[in-house]
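Keep in mind that this is a model prediction, so the values were computed, not measured. Counting from 1, the numbers follow the sequence of the chain as shown.
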Amino acid sequence: MPLPPDAGQLLQDLDYSVPRVSWMESKAVFNTGFFCWPAREDTMRALKIPAAHSWNVTDEDWHLPENWEKIIHKALCVYLEKFRSLKIFMDVCVRCGACADKCHFYLGGGDPKNMPVLRAELLRSVYRQDFTLAGKLLGKAAGGRKLDKEVVKEWFYYFYQCTECRRCALYCPYGIDTAEITLIVRALLLELGLGTQWIMEPVLNCKRTGNHLGIQPHAFKEIVEMLCDDIEDLTGVHICPPINEKGHEILFIAPSGDIFAEPGIFTFMGYLLLFHEIGLDYTLSTYASEGGNFGSFVSPSLMREINAKMYAEAGRLGVKWILGGECGHMWRVIHQFMETMNGPAPAGMITPRSPVTGTVFTHAANTKVVHIAEFSADLIRHKKLNLDPARNDHLVMTFHDSCNVTRGMGLIEEPRYVLKAVCNNFIEMPENTIRERTFCCGSGAGLNADEIMELRMRGGLPRGNALRYVQEEHGVNAMACVCALDRAALPALADYWAPGVSITGLHELVGNALVLRGEKKRDRDLRGEDLPTSAADADSASCPDLDPKDAGQGEERHV
């Protein structure tokens, strides 16, 4: 795999100077470390993708179908008709540049075509040429350009340098959502048989086995049992979660990355500990064993199809509502699209109500799906958990607002409420890098591929810079997040930009702090590492007296 230059060299190489050649005159240069490997033909055929074929990114000829121009034109017509927002985004941009310096890929790379305004212009110029009167009459003078094979290559190169994080949309005075433009362009490329293996193989796995890793039902069950064995070894408490069982109140769906590899497995162990302690009536599913939606990276139709399994399994098992784990794109799809895309919910499902506190989650009345961070925050608010935050005293925490959860769902204060209840040392990163203005991990929307590590580290520069700041100024040594993709991508980013900072899920910290009924003396955390001496020596602890207004006793400093 190509390795990025060291962090110091990367910073020295940054160049924001204005190119001498007009953007319309320059062609995409496919630099190693900046493009993903193409999807294999057999993967695309299995997904019934039209025009599936073998091709190579670095070849001159991408073997496009003979009538590829008509295919693109027809598909774009369909999307413009179906999605009014797309046509609005094509028409209303005044190229004010408010978004120009908001993209992490531009900040980390300096390529003007990664300015959201110019990346969108790669499609908008073709739209003007073929779909507006001014473009048809005046062509380039009206900002139009002819669609040719070089434009297709440019689309592939730059629209796979967008994580659909939507930070640019936050600053756009017209609310133009570049993430939606990226999704449509990737869908157009799929019409020509052009996709990336890192996305399309997980999409196929989701359709084949129910999760993006292709984990078979028996393997899923074995992994869960293995994690339960680890829990018993650490806590002395035996857990045997139900799987594929009918007659339970709740279906719990987590991202499959949380049961597959570190550090996600520790978050999954935290889920299991929490559910056991409160006696939650729930079941897992080997069919709906993935909350994440890789279809949301490339195609509205694939997004809808993959998301459908949640309601299908909820209906089959006869549950009343769904509780969802820590995942990013899972929650943007649920919160923004599920009601109209996959709704209505199966008959028999109800507005979610906590069986422990009685709280009715009215905001989930239509989707029937509740995020575990808000579920746990409600438990803590009602003092239903016995917590010992001193068990996390070896950690000086900060928090990464995952893009899709924060900007896509508005889930901002609930994770912090939980975090400050289970940790005594919490420090915020600078204000302009968190909450709605959070910077992306640089690896979302299908860009967590090893072959583009330099692109990822460049895209991760703004996040890494903020993390490095609180590390150096305040001794931060751990960063929590509520997204499985972040848990997979951020360790590499932290090692590169802020060596010594570990990455954790929110409910790993909950699992550490949770004082279980009948537990043995705990001297190790969920990672099997020694607990702080003060926590290990303590016999018990009580849930901190949390004020719902300020979310707890944990120290918080804005820097």
Side-chain angles (χ1 to χ4, degrees), residues 104 163-170 177 179-180 183 212 252-258 263-264 267-268 270-271 290-294 296-297 303 307 310 322-339 352 361 363-364 367 369-378 397-420 426 428-429 433-448 460 462-463 466-467 479-490 493 503-510 551:
H104 46 281
T163 51
E164 302 179 17
C165 80
R166 305 171 69 245
R167 190 172 193 266
C168 52
L170 182 71
D177 190 347
E180 185 166 336
L183 174 64
H212 88 277
F252 178 65
I253 303 176
S256 58
D258 279 354
T267 298
F268 199 88
Y271 301 150
E290 173 66 83
N293 193 317
F294 283 67
S296 67
F297 301 154
M303 172 170 56
N307 204 58
M310 293 189 183
I322 298 171
L323 180 62
E326 298 179 19
C327 181
H329 47 289
M330 167 185 182
W331 284 101
R332 186 188 174 209
V333 173
I334 290 173
H335 188 70
Q336 296 188 346
F337 302 113
M338 191 172 196
E339 181 183 354
F361 297 95
H363 65 283
T367 63
V369 191
V370 172
H371 193 288
I372 192 166
E374 54 191 342
F375 181 76
S376 295
D378 177 66
M397 296 299 310
T398 192
F399 182 69
H400 167 68
D401 289 278
S402 303
C403 299
N404 283 312
V405 175
T406 303
R407 281 189 289 268
M409 188 184 179
L411 195 71
I412 297 173
E413 299 307 327
E414 291 87 345
R416 286 174 168 80
Y417 188 90
V418 175
L419 186 59
K420 286 182 277 188
F426 173 58
E428 289 277 18
M429 286 180 281
T433 73
I434 59 174
R435 292 186 166 88
E436 294 95 337
R437 292 174 286 180
T438 184
F439 276 109
C440 182
C441 68
S443 301
L447 300 188
N448 193 20
R463 174 79 297 156
L467 179 58
M479 179 164 64
C481 60
V482 286
C483 174
L485 200 152
D486 280 331
R487 284 190 286 281
L490 286 172
L493 179 146
I503 305 302
T504 173
L506 181 66
H507 279 78
E508 175 185 344
L509 302 171
V510 172

- [ ] Find out whether I322 and I253 are in side-chain contact, i.e. whether some heavy atom of one side chain is under 4.5 Å from a heavy atom of the other.
- [x] yes
Open item on the list: Give me the atom names and distance for the closest heavy-atom approach of V405 to W331.
Closed with: CG2-CB, 4.5 Å
Open item on the list: Quick one, T433 and P462 - any side-chain contact, counting heavy atoms below 4.5 Å?
Closed with: no
Open item on the list: If you compare all heavy atoms of P415 against all heavy atoms of L411, which two are closest, and at what distance to 0.1 Å?
Closed with: CD-CG, 4.0 Å
Task: Q336 and M409, any side-chain heavy atoms less than 4.5 Å apart - done: no
Open item on the list: In the structure I gave you, are the side-chain heavy atoms of E414 and V482 within less than 4.5 Å of one another anywhere?
Closed with: no
TODO: Would you please indicate yes or no on a ring centroid separation below 6.0 angstrom for F439 and H104?
DONE: no
- [ ] Compare all side-chain heavy atoms of E428 with those of R435 and state whether any distance is below 4.5 angstrom.
- [x] yes
Open item on the list: Quick check: do C441 and L485 have side-chain heavy atoms less than 4.5 Å from each other?
Closed with: yes
- [ ] Could you tell me how the ring of F297 sits relative to the ring of H329: parallel (under 30°), tilted (30 to 60°) or perpendicular (over 60°)?
- [x] tilted
Open item on the list: For a quick test of reading the model, state the closest non-hydrogen atom pair linking L509 to A480 and the distance between them.
Closed with: CD1-CB, 4.1 Å
Open item on the list: Do T438 and H400 make a side-chain contact, defined as non-hydrogen atoms from C-beta onward lying under 4.5 Å apart?
Closed with: yes
TODO: Give the minimum heavy-atom separation between I503 and R487, together with the two atoms involved.
DONE: CG2-CA, 4.2 Å
Task: Test item: V369 and M338 side chains (from C-beta on) under 4.5 Å apart, heavy atoms - done: yes
Open item on the list: Using a 3.5 Å distance criterion without hydrogens, assess whether the side chain of N293 forms a donor-acceptor pair with backbone atoms of M303.
Closed with: yes
TODO: Determine the minimum heavy-atom distance between C440 and T163, stating which atoms define it.
DONE: SG-OG1, 3.2 Å
